[in-house]
Structures are given as C-alpha cells and as structure tokens.
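Written below as structure tokens is the structure these notes are about.
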Amino acid sequence: MPRALKPEKVRPALPSGFRDFGPAEVRRRRRLLHTLAQIFEQYGYEPLETPAVELLSVLLGKYGEEGDKLLFRILNSGDFLAGVPDEATQSSTTLLPYITDKALRYDLTVPMARWVAQHAGELVFPFKRYQIQPVWRADRPQRGRFREFYQCDVDIVGAEGIVPLLEMIDIARAGLKALGIQGAVLHLNHRALLEYAAQEVKWPAEQFGTFCARLDKADKIGWPTVEALFREEGYTLPAWLNPGLDVSEALFNEIAKVPSLQSDLSVLPSLLGSSDEALRVKWDPTLARGLEYYTGYVYEIRVPGSGVGSIAAGGAYASLVSDFGGPDLPAMGLSFGIERIFALLEDTGASEAGPSSVLVAWIDASPTYVQHIVRTLHAAGQSAFAYPAPKKLTKQLEYAQRRGFRWIVIVGAHEEQTETAQLKDLHHHTQQTLPLHALAEACQ
RNA sequence: GCGGGCAUAGCUCAGGUGGUUAGAGCGUCUGACUGUGGCUCAGAAGGUCGUCGGUUCGAGUCCGACUGCCCGCCCCA
C-alpha cells in the first residue's frame, strides 16, 4: 500500500499480556512441543484440537467464581442490544448475560470433556488424547503470566486408580528427560486423604474447599504458619500432615486408613522410594490443587530453586464428562506448564539458527531463468529461493549474509546464455562457475 | 478485584528551575565509476511529545482527569 494512501499511522503495539513469537522463538517452541507430542503418541495418546471459542454455558461454573470472572467474553454479533430489558442496562453485571453468550476457552480440559460427551457413542474407552493449544484468561498480567498462553495436556478418560497414575508419572518423567530438565519433584496427594484429614481435625465438611485452600498454602508460607493459622481458629493439625517430614510410618498408617487408597498401598512405597535424577516422587499431604473438579489423586511437579513455580500438574477427576450429559467416566490428566518450561530453559537454550537456504541473486538474467534455477535446486532437495528483484548485487549479497546463508547463486545475462551459474561460498569466500546440473550437488 | 510506577521517532533513551524550526544511537531507505558480502563515509525518510482539559504572553516541561503499558497482591500455568 503506497504510504500516501495510508489514512493514518497506527502505533505498533500489543494489548497487555499478549506476545509475539519471532522466527527463532517459534522454532524453539515448536521443537519442544514436538518432543512432548512424540512422547504422548508413544503412550497411545491421540491429538485433539478444539476451537478457541466455546459457548459460555459450557465454560461457566467449571472454574469456580474466580475463573468465571477471568473468562474472555465475546460480544454477540449484530444488534446485541436488541431485546435487552431496560432494567438490565442499569449495570454491567446485569447487562452481561444479555449481550454475550460465547467466550474464549479458559483451559483444555473442559473443552475436551465437552467433546468426549458429544462423541461418546463413537469413541473407544479408555479414550486417550493430548492437546497443545493456546488458552485465554482475562487476568491481570505480570512477570511470567500472560493473557494468552499455551497449555499442553494429556488426559485419559475412562480409567482410574494407580495404573493411570503410574503412566502419568512416567510421561512426566520422559518429558522432563527429553527436555533436559533435572531435579524435578512430583508432589503427590489424594483428595480422599485430605477429606480424611479434615474429618480428623473436625473441620466443617461443607467448607472442605477452604480447608484445602488453606492447607495448600504450606509450600508458600511455610508449615508453621499454616499450623498457626489453624490453631487460631481452634483446629489442631496432626503431625503427619507436615510436608517437611519424610514419608513417615505415621503418614503411611494414615493413608492405610483411607478406603480408596488401600488397594494402592502395595505400590506406593516403591513409587515414593525410587530415586530418579529427572523426577522424584514425594507424598505431600498438604497438596490440594485449586481446580474444583479433582476428586482423586492430585499432583504437581516443581523444580526446587528454579523460581518458576510448578511446571506440570494434574489429577484425577470423576464427573466432568457426565456434567455434559455424557457417560459417567473417571478421568485423569497431566498438564505441562510449557510457558514456565520455556522460561526455565531460556537461559541455557542456545539460540536457534534457522535452516540455511540458497539465495539466487540475479542482475540481468530473465526471471524465467531464475525460476528455472530455483526449481533445479528444489528438485535436488535443496532449500532455495530467488531474491525478489534484480537489485544491486551488494544488496543481494548483504541479504544472504545477514540471513546467515552460506551459498549464493549469481546469474546474469552471461550465465543465462551459457546455461551456467556462479556459485559463491560466503563462508570460504570462494566462487566458481558451474553448469546447472552440477549446481545442487556443489552446495550441499 | 486491590496497590505502586511509567508514558518523547519502529527500538533504547536525552531533552537543569516552562521560552523560537524537539535531539542522539540503533534500525529503515538511497548513494559512494556500469555485475560481488560483513567495515567505512555521505544523505534521506520517520514525532499532533499517550488523550482531553486547566494554569500561563508562552507547556514535551507545571496541575487535573482519562487511557494504555509495566511491576507487586489475590488467584493461577
């Protein structure tokens, strides 16, 4: 577009919490995600993609009150004010339900559950899927927190218990190993143990969520502070809840008292005992996880001392699919916090150079001849393209040099007449005249 | 939802106590004897100083409001 026709210049800017990814960054991210996807496929998980937009009715109420507020809502199309009763226009809260019925997805689990409920008839259970897509949250952005970010989820629907748990842990371990992350710790807990603990301290059952939220703060504010908070309100926490202690006999004795955990007792010691440099497993009786839909095992992976918080998390959930009218299927999932993993790997990761191409520079050759050369190189499997215009050779050379290319093919009228081309090696500062058929091989 | 900071060219920033045509570096574009890279040199384009209002003879500079962005908190990945 000619500059003169441009109505007015626009400030090149992005809304808060949204990011661009330049070529080098896209390559780095893609490579990482590809690595994870391969591992998921290895365990029999199949890819799924769902749209950015979901019906509000699907999303509302799944993430708690906080989550509902963080949904990016989409204004209805057309005359969205038509049919809105006058009294509704008094405040934004009353108006909102009338003017929006869609929102950007908030996570990948709920859309997956929606899809599974919709296709339950044709699916083979247990259904295993992985999904790597962006999600959106109308959060206040800050360091390391964005309004648009990728999630990377694996879930198995129609299975429960210790075996899926072991698989999830193996996937996490394989993933961390493949990405080169060392020294991670998986904190493991079970909602049933939390319920048991709440009963033990005689915490009101209807406020179980508050109990969990308070206990969950232990990793942030420390066990003594949590203990003191409870004591202030007259609740004495049993010693076995202290996450600082090693897996004690006392803790195992308590776990043994929880009915839904009894069958797993034979496996847990070896799981917790194994030492692995990439991922250790530690029972953490204070781990609760925020999302309300978890009903069984919950887990969270952290790298001590990394300063990036948890890098993967998940758990077992029972009724998400049946909430959408689908069959009542237990499920378990693992979500890699890939934005945090990207951040973690940023310091060590060498900058990714793009694949080198051959640039065809030209002066007074015919476009047809230039096109012919590019085709010849492509036919030989070489990545190549022509400079878009016969600009000064200096410019074309500089372009190839700045792009980091090694080979540049130069043609003019003389080369076209003789069916040849100049092949210049920018690394070794050499140049030779070659017949076309020898060109591709020379720049391997 | 709460608190703090900042806002001048595409980017990073200068512009003491208000005073003519707002500057630098980087980047972009053009050129330095007709077809050869990294360097150098010369030149050009690019800003309603976030927006609106106020004080003043005069505002990038002082005051207010709004908006945007950044950083914390809640919460989260």
Side-chain angles (χ1 to χ4, degrees), chain A residues 3-4 6 8-20 22 63-71 92-93 105-109 132-153 209 212-214 216-217 219-221 288-292 300-303 306 308-314 333-344 359 361-365 387 390-416 421-433:
Chain A
R3 180 158 286 183
K6 248 180 154 177
E8 101 186 19
K9 273 169 212 160
V10 176
R11 220 183 161 68
L14 232 36
S16 165
F18 291 83
R19 299 166 291 171
D20 292 317
Y63 310 108
E65 217 172 303
E66 284 286 326
D68 286 353
K69 275 192 281 186
L70 297 181
L71 290 173
S92 45
T93 328
R105 64 164 168 258
Y106 182 89
D107 75 352
L108 301 178
T109 310
I132 303 173
Q133 288 190 277
V135 303
W136 294 268
R137 295 184 187 180
D139 215 348
R140 186 65 51 97
Q142 45 190 275
R143 177 196 290 288
R145 186 200 286 188
F146 308 98
R147 301 225 253 223
E148 177 185 61
F149 61 96
Y150 272 73
Q151 287 199 332
C152 173
D153 283 18
C212 289
R214 206 163 294 181
D216 200 44
K217 288 203 190 311
D219 68 302
K220 205 167 192 175
I221 61 176
R289 307 269 307 130
L291 286 174
E292 290 173 5
E300 200 167 293
I301 299 176
R302 303 171 194 157
V303 181
S306 68
V308 296
S310 72
I311 56 167
L334 174 69
S335 179
F336 284 84
I338 51 174
E339 301 294 351
R340 284 175 175 179
I341 292 175
F342 287 134
L344 193 67
L359 179 73
W362 53 295
I363 309 296
D364 48 3
Y387 198 83
K391 285 225 250 179
K392 287 173 133 345
L393 259 188
T394 325
K395 295 289 170 215
Q396 302 189 54
L397 285 168
E398 191 188 344
Y399 178 81
Q401 194 266 318
R402 291 183 63 173
R403 278 267 248 145
F405 296 170
R406 177 175 176 188
W407 302 103
I408 181 160
V409 169
I410 302 166
V411 290
H414 176 67
E415 285 79 10
E416 183 166 4
Q422 304 276 338
L423 178 65
K424 189 178 183 67
D425 181 340
L426 292 176
H427 286 9
H428 296 107
H429 315 279
T430 57
Q431 188 170 336
Q432 56 181 323
T433 306

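Hydrogens, waters and symmetry mates play no part in the numbers below; they use all other heavy atoms, side chains included. Keep in mind that what you see is a predicted model, and the values were worked out from it rather than measured. Below, chains carry the letters A, B, ... as their sequence lines are ordered, and counting in each starts from 1.
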At 4.0 Å (heavy atoms only), tell me whether [X] reaches a base, stays on the sugar-phosphate, or touches nothing.
{"X": "A/K424", "answer": "base"}
{"X": "A/S335", "answer": "nothing"}
{"X": "A/Y150", "answer": "nothing"}
{"X": "A/R137", "answer": "base"}
{"X": "A/R143", "answer": "sugar-phosphate"}
{"X": "A/G144", "answer": "base"}

Taking the side chain of [X] as its heavy atoms from C-beta onward, which of [options] lies nearest to it?
{"X": "A/R140", "options": "B/rG31, B/rG72, B/rU30", "answer": "B/rG72"}
{"X": "A/P141", "options": "B/rC70, B/rC74, B/rG27", "answer": "B/rC70"}
{"X": "A/L393", "options": "B/rC74, B/rG35, B/rC70", "answer": "B/rG35"}

- Whichever of A/A413 and A/K69 has its nearest RNA chain B nucleotide further upstream toward 5':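 The answer here is A/K69.
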
- Taking for each residue the nucleotide of RNA chain B bearing the nearest heavy atom, is the 5' side occupied by A/F336 or by A/K220?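 The answer here is A/K220.
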
- Query: Given Watson-Crick or G-U pairs with both distances under 3.5 Å, what dot-bracket string fits RNA chain B, with | for other-strand pairs and [ ] for crossing?
  - Reply: (((((((..((((.....[...)))).(((((.......))))).....(((((..]....))))))))))))....

N/O donor-acceptor pair, side chain [X] with base [N], under 3.5 angstrom:
{"X": "A/H429", "N": "B/rG37", "result": "yes"}
{"X": "A/E65", "N": "B/rG1", "result": "no"}
{"X": "A/Q431", "N": "B/rU36", "result": "yes"}

- Do you know which two heavy atoms are closest between A/D153 and A/S335, and how far apart they sit?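 Distance-wise, the nearest heavy atoms are OD1-OG, 2.7 Å.
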
- Look at the side-chain N and O atoms of A/K395 and state whether any lies under 4.0 Å from the OP1 or OP2 oxygen of B/rG35.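 For B/rG35, neither OP1 nor OP2 has a side-chain N or O of A/K395 closer than 4.0 Å.
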
- B/rG35 OP1/OP2 closer than 4.0 Å to side-chain N/O of A/T394: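 Result: no.
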
- Query: Rounded to the nearest 0.5 Å, what separation is found between the CG atom of A/L426 and the CG atom of A/L397?
  - Reply: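 Here the rounded value is 6.5 Å.
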
- Message: From NZ of A/K392 over to P of B/rG31, roughly how many Å is that when rounded to an integer?
- Response: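 Checked: the NZ to P distance equals 6 Å.
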
